[in-house]
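Along the sequence shown, residues carry numbers from 1. Just so it is clear, the structure is predicted and the values come from calculations on it, not from any experiment.
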Amino acid sequence: MTSESSAAPNRFTLELIKGALNAARSEMEALIARAAMSPFIREKKDFFTAFLNRDGELVVSTSLTLAGNLVDAILEEYPAETMRPGDLYWYNDVYGVGGAVSHLPDMVFVMPVFHEGRLFAFAEAWGHLWDIGGSVPGSISPHAVSVFQEGIMIPPVRVMREGVENREVVRIFMRNSRFPEMLRGDLRAIMAACRLGARRLTETVERHGVEVVEAAFEAMLVETEGALRSEIAARIPDGEYAFRDRIDSDAVTDRSYFVDVVLRKGNGALEMDFSASDRQADGPINFLMDDSVPKFMLGLWMCMDRPGIGMNGGFERAVESVVKKPGTLVAPRFPAPLGLRSHTMIRVTSALFGTLAQATGGQASAAPSVYVLYYLRGRNADGTEPLCIEGLSVGFGARTFADGIDAVYYVAQENYPIEFAEMEFGVEIEAFGIHRDSGGAGRWRGGCGIVRDVRVLSDEARFGIRLDNCRQPAFGVHGGLSGAPGRVIVNPDGPAPWDIATMSDGTRLAKGDLVRIVTPGGGGWGNPADRPAEDVLADVLDGFVSGEAAARDYGVLLAGDRVDLEATLARRAAMPRPSKMFHRGRYYDADEDRADEASAAVSASARAAAG
C-alpha cells in the first residue's frame, strides 16, 4: 500500500478519524433504537453497527464478540467490481455465510461506500427481528431439531441497487412473519442506519482524503494487532493449557454437552484448538463459530486496560490459528438447529477464561452465567395471541480486581422496563429483585442473578424457557466458589407449586398462574476468607448475601448490623485454604475434568510406540 503509506495520518489526524467513526457508529445505533418497532431492538438494544475496510476487515465496532467475516460471503456472490453506490446487501443464512451471523433472527445489512467511484469501505448494521417464521411465534424454540424450524433463511442478496429497493425480496420475507408490520419498521430502521453510516464515511473522506482515511483504517488494525501481541507475549508463557466447560443440556435431550479448548503458545505463535469439543447437539445449542469469534474474545479480555484499543480485525491478525472439528458443537453440520447458540458461545468465553487462569496463575475472570430468555405465547377467547419474549439478567463472573456484575443481560443490552413489559405483553410483573446468595463467594464475589415473578393474564398460554447453569453452575477461579443455580416455579406460594424444566418449551399455563423465574449467578474469584469482612457485611445489608452464607462461605460472623471481629478471625483461621484452581460444587483442577482426553492421549502414544 505505497500510496496509503505516503498518506499515513499523524497521531492527531488518526484520533480525529477514530472519533468520527465511533461517533458515526453511535449515531447509526441511535437511529435504529429510535426508529425500529420490535421490542428486542428498540428496548433491549439487540443490534450492532460497524465499519469495515474495502477488504472486509472489521475496523470499528461495538464490544460484542461477534464474527468478523461480515462481508466475505457477500463478496463471493457479488464481486467488488460489480458493486455500485447505493447498493445494499442482506442476509441471515448462518450456514450460507460461514457463521458471519450466528442465528436466523439476526438480520445483517451491508452497504458498500464509494468515493469518486472507488470502493473504500463498508457500513454494516444488524438487528434481532421479533419473528421470521418457523415452528413457533418468535421463531426460536428450545425444542427445535432443525434450522428449518427456526425461520426463513436469506442468503446474501442485493436488496437495493443504486438506491432502488428490490420490493419483491422484501415482500417474500414479510409474508413469512407473523408480525409483518413490526418487521417492516425494523427493516426500514436498519437500512436507514446503513445509509447514514455510508454518508458519514463519505463526509470523513471529504474532510481528510480517501488515502488518509484508508491509511487510518490500516493504522487502527496494526495498533490493535500490536496491542494483543504484546499482551500475549507478556502474560502467556509458552506451553499448552486445556480447559472444558459444560452446558446443562440441549433442551431436546437430557444430555449435557461441553466445549473444550486447548491454548497452545510456542515460538511467538498462539493457537486455540476446539477440536475435542463435544459432538453437535440434537437441540438448538449448536454454534457455527467463525475463527474470528474466539480471537475477538481473547483480544477484548487481554486488552481491556489498553486505552484506545477497540475490537477490530487486528485481533484476528494477532492469533495465528483456530482449530475446529466438523460435526462438533462449534462446527455443526447443516441443518443442525442454532437458535440457542448463546449457550455454547458463552461457554467458549468461559473455557478461554479457564485456559488463561492456568497460564497466568489464576489471573483470569471466573465464569459468567448464560443470559436467560423466556417465551410466553398467549391465546385469548377474542382470537388475539399476545407474544412475550423477555430476556432476563444473570450474574457475571468475578474479575481479578472487582466483583462480577449483578443482574446483567448481555454486553451493551438492556432489560425491559416493567411498565413496558406489562403494557406490551399481556403479563403482570409482580416482583423483581436480586437472587440472594447466587453470586459465587470469593475475594471478589460473583455477580448475582435475579428473581422475577410473571403473572399470566391471557386466557391460556404456552411457556418456553432457556435457563442454563443449573446442573453446571458458573465455575469459580483461584479459590472462588461457583455461582448458585436457577429455577422456574409455577405458583410458588400456592398450595401446589410445581417446577418447569429449565430448558424446555410448550408448558401449558392458565390465566392467573404465576411463574417465578430465578436466574443463576456468576462464579467467584479468590479465597472467600480474603474478602474484607466489612464488604461481606455490606453485601448482607444490601441483600446480596445472607447472614448464613456470610458465616458458611466467608467465615464472617455478624452481631446485628456489625461484624463480630473476634469470632470472624477465629472462624477464618479454621477455614481450609483451597489448593486447586477451579470450583464447581467442589474444588478441582482442569485435567480432572478432561480425564477422557488424557486417556486418549496416552492410548495414542502407546499405539504410536507399538507401531
Side-chain angles (χ1 to χ4, degrees), residues 1-26 28 48-72 74-75 80 98 100 110-113 115 118-125 197-198 200-201 204-205 208-234 268-270 272 290-322:
M1 292 175 44
T2 55
S3 62
E4 288 79 355
S5 298
S6 63
N10 60 42
R11 190 74 226 179
F12 298 103
T13 302
L14 177 60
E15 292 302 321
L16 286 171
I17 293 172
K18 271 189 186 181
L21 295 177
N22 280 303
R25 195 193 56 69
S26 297
M28 292 167 68
F48 173 91
T49 60
F51 295 125
L52 304 95
N53 67 15
R54 64 170 180 256
D55 297 320
E57 287 184 285
L58 197 65
V59 175
V60 172
S61 72
T62 55
S63 296
L64 289 171
T65 49
L66 301 169
N69 60 331
L70 295 165
V71 180
D72 296 3
I74 294 173
L75 292 172
V110 177
M111 177 168 276
V113 188
H115 177 71
R118 170 178 174 176
L119 174 66
F120 73 92
F122 294 92
E124 181 270 350
R200 294 292 182 256
L201 280 172
T204 303
V205 161
H208 298 284
V210 67
E211 290 85 4
V212 172
V213 170
E214 287 184 323
F217 289 170
E218 181 62 20
M220 293 163 68
L221 294 168
V222 169
E223 185 177 51
T224 298
E225 177 188 5
L228 180 52
R229 285 193 182 277
S230 65
E231 292 291 334
I232 290 170
L270 192 71
M272 291 183 275
D290 180 65
D291 290 355
S292 60
V293 175
K295 295 180 180 183
F296 287 157
M297 291 175 176
L298 181 74
L300 283 169
W301 187 81
M302 297 201 76
C303 295
M304 62 182 169
D305 293 329
R306 292 269 188 146
I309 298 298
M311 188 182 81
N312 64 33
F315 288 155
E316 294 186 71
R317 296 179 180 183
V319 179
E320 279 67 25
S321 176
V322 173

Donor-acceptor pair, distance only, cut-off 3.5 Å: does the side chain of Asn10 make one with the backbone of Thr13? yes

Are Leu228 and Val319 close enough that some pair of their side-chain heavy atoms sits under 4.5 Å apart? yes

How are the rings of Phe120 and Phe217 set to each other: parallel, tilted or perpendicular (split at 30° and 60°)? parallel

So, for Phe48 and Ser61, which heavy atoms are closest and what is the spacing to 0.1 Å? CZ-CB, 3.7 Å

Measure across Phe122 and Leu75 and return the closest heavy-atom pair with its distance rounded to 0.1 Å. CZ-CD2, 4.1 Å

Residues Glu231 and Cys303: closest non-hydrogen pair is CG-SG, 4.2 Å

Does any part of the side chain of Glu214, heavy atoms only, come nearer than 4.5 Å to the side chain of His115, both counted from C-beta? no

Under the rule for side chain to side chain contact (heavy atoms under 4.5 Å, CB included), what residues qualify as partners of Ser230, not counting sequence neighbours? Arg306

With sequence neighbours left out, the residues meeting side chain to side chain contact (heavy atoms under 4.5 Å, CB included) with Glu223 are Arg11, Lys18, Ile309

With a 4.5 Å limit on heavy-atom distance, are the side chains of Leu58 and Leu221 in contact? no

Quick one: which residue pairs count as a side chain to side chain donor-acceptor pair (under 3.5 Å) with a foot in residues 294-304, not counting sequence neighbours? Trp301-Ser365

For Glu57, what residues pass the salt bridge (charged side-chain N to carboxylate O under 4.0 Å, His left out) criterion, not counting sequence neighbours? Arg317

Are the side chains of Met302 and Phe315 in touch, meaning some heavy atoms are under 4.5 Å apart? no

Return yes if some donor-acceptor pair links the side-chain N/O of Thr224 with the main-chain N/O of Gly314 below 3.5 Å, else return no. no

With sequence neighbours excluded, residues passing side chain to side chain contact (heavy atoms under 4.5 Å, CB included) with Ala198: Met111, Val113

Which pair of non-hydrogen atoms, one from Thr62 and one from Met311, has the smallest distance, and what is that distance? O-CE, 3.5 Å

Please evaluate residues Val213 and Leu201 with respect to the criterion side-chain contact (heavy atoms from CB on, under 4.5 Å), reporting the C-alpha separation (whole Å), side-chain torsions for both, the decisive distance (0.1 Å), and the verdict. CA-CA 9 Å; Val213 170; Leu201 280 172; 5.7 Å; no

Taking the side chain as every heavy atom from C-beta outward, state whether Leu298 and Ile232 have any pair of such atoms under 4.5 Å apart. yes

Quick one: closest heavy-atom pair of Asn312 and Met220, and the distance? ND2-O, 3.5 Å

Closest contact, heavy atoms only, Ala67 versus Ala100: CB-O, 3.6 Å

Starting at CD1 of Ile74, measure out to CD of Glu124 and round the result to the nearest 0.5 Å. 8.5 Å

Under the rule for salt bridge (charged side-chain N to carboxylate O under 4.0 Å, His left out), what residues qualify as partners of Glu225, not counting sequence neighbours? Arg229

Spacing of Glu218 atom CD and Asp55 atom CG [to the nearest 0.5 Å]: 9.0 Å

